[in-house]
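Letters A, B, ... are given to chains in the order of the sequence lines, protein chains preceding strands, and every chain is numbered from 1.
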Amino acid sequence: MKDRDKSERFLRHLEPLQGPLEAYCRRLLHEVDSLEDVLQSAVANAFRDFDQYAEGTNFRAWIFKHTHSEAMNWNRKHQRTQAAALREDEVAAKETWDAILDEPLLKVLLEAPGAVLDHCDASIALAVKSLSLEDQAVSLLHVVGDFKYREIADILHVPIGTVMSRLARCRVRLRQRLVEYGERHGLHRHGEI
Amino acid sequence: MNCRESRQHWNLYHDSEKDAGLHFRIGEHLAVCPQCAEWFQQQSRLEYMLVENIAVRRPTAELWDRVLAQTQLLKPVPARRWFLFSFSGALACAAGILIAIVLLRHAFPSQPISDLTAITTTFHHRLAGGDEPLQFRSRSDLEVDNYLLWKTWSMQLTN
Ligand SMILES: [Zn+2]
């Protein structure tokens, strides 16, 4: 009876988060084929530790922590270097928020983003995948998990300043990718809003 | 706060992070600088569109059924669904046949039982073929019992 109550409580918490958890893993994993295994391990581990979860605290952050750790373990186990991912210092030197402020094509993208975004679903997915794993995690926790900087810092065990700089970098990177994509495919509509 | 400083803080402003003082100072600048106001609005619009694109959050039902079944939080799904389907199907058929017997017995009181069996079979085929509307459907054997009792009882009353 106690076990049944535990399962019911756990499932009640888990159900509204299934979509975000799935989306998070789908984006973060090197191999989408392992999605089911990763989710299964994460859920099993979280359920095993559910007695340690204090009712009324942040279940969302708690289950994401389990899922993130499982996804990263899986990625490490099936290690593959990401060709497009740059080293942290390399990225920092190349990309700052200021660096693209005067970019004329960015201006065009900002004026008519739909012209590019409507055509590049797969390209955005690739752009996210091309970030370093740490940057992806920060970006996805923010976008998919809807977490605040402080929560992301807790989940990833990093200082809040690191979260801020990684997120800013991801945004610059994604915008650059969109600009490149739009330019390559002639999608930027100059002067059109 | 100047244009450069305010734009450097767009991330924090957009994400409603950091202190209220910073947001206030940025807000003050945006109120007097239409270029930055437009830039902020465009950055935020692009960000919302990107988020919408990246964060497809609808769960895949079959995937989660399997995940939860593997972790024993749900019973294995295919077996469970098949069981429910077959069980409710059997109940619906049983209810249909019994109703048919009751109705036909009522419609043809003098008919011998063997003829009734044939008529029941025909009725069942018509039911299965969709030529007869299903009058009652339930997954609960108790509800089926109650329905049949009520149906028999109401027909006896009309006699
Ligand atoms: Zn300004």
Same cluster (ILVMFWY, side-chain, under 4.5 Å), B/Val51 and A/Leu141: yes
Nearest-0.5 Å distance, CZ of residue A/Phe10 to CG of residue B/Leu68: 8.0 Å
Side chains of B/Asn11 and A/Met164 in contact at under 4.5 Å (non-hydrogen atoms): no
What side-chain donor-acceptor pairs closer than 3.5 Å can you find for residues 39-49 of chain A, not counting sequence neighbours?
{"unit_1": "A/Ser41", "atom_1": "OG", "unit_2": "A/Asp37", "atom_2": "O", "d": "3.1"}
{"unit_1": "A/Asn45", "atom_1": "OD1", "unit_2": "A/Arg48", "atom_2": "NH1", "d": "3.3"}
{"unit_1": "A/Asn45", "atom_1": "ND2", "unit_2": "A/Ser41", "atom_2": "O", "d": "3.3"}
{"unit_1": "A/Asn45", "atom_1": "ND2", "unit_2": "A/Glu70", "atom_2": "OE1", "d": "3.1"}
{"unit_1": "A/Asp49", "atom_1": "OD2", "unit_2": "A/His66", "atom_2": "NE2", "d": "3.2"}

Shared hydrophobic cluster, B/Phe24 / B/Trp10 (ILVMFWY, side-chain heavy atoms < 4.5 Å): no
Spatial distance of atom CG (B/Leu46) from atom CZ (A/Arg175) [nearest 0.5 Å]: 4.5 Å
Which portion of B/Gln41 sits near chain A, non-hydrogen atoms under 4.5 angstrom: neither
By salt bridge (Lys or Arg N to Asp or Glu O under 4.0 Å) - contacts of B/Asp15 (at least two apart): A/Arg171
Side chain A/Glu22, main chain B/Thr60, donor-acceptor under 3.5 Å: yes
Greatest number of heavy atom pairs closer than 4.5 Å to chain A - which of B/Glu17, B/Glu47, B/Lys18: B/Glu17
Region of A/Leu17 that comes under 4.5 Å of a non-hydrogen atom in chain B: neither
Stepwise side chain to side chain contact (heavy atoms under 4.5 Å, CB included) test for B/Leu50 and A/Leu178: CA-CA 10 Å; B/Leu50 273 169; A/Leu178 287 176; 3.9 Å; yes
Contacting region of A/Tyr24 [heavy-atom separation from chain B under 4.5 Å]: neither
Spacing of A/Leu21 atom CG and B/Trp64 atom CH2 [to the nearest 0.5 Å]: 5.0 Å
Under 4.5 Å from a heavy atom of chain B, the part of A/Ile160 involved: neither
Presence of salt bridge, A/Glu111 and B/Arg45, under 4.0 angstrom: no
Over 12 non-hydrogen atoms of neighbours within 6.0 angstrom of CD in A/Glu15: no
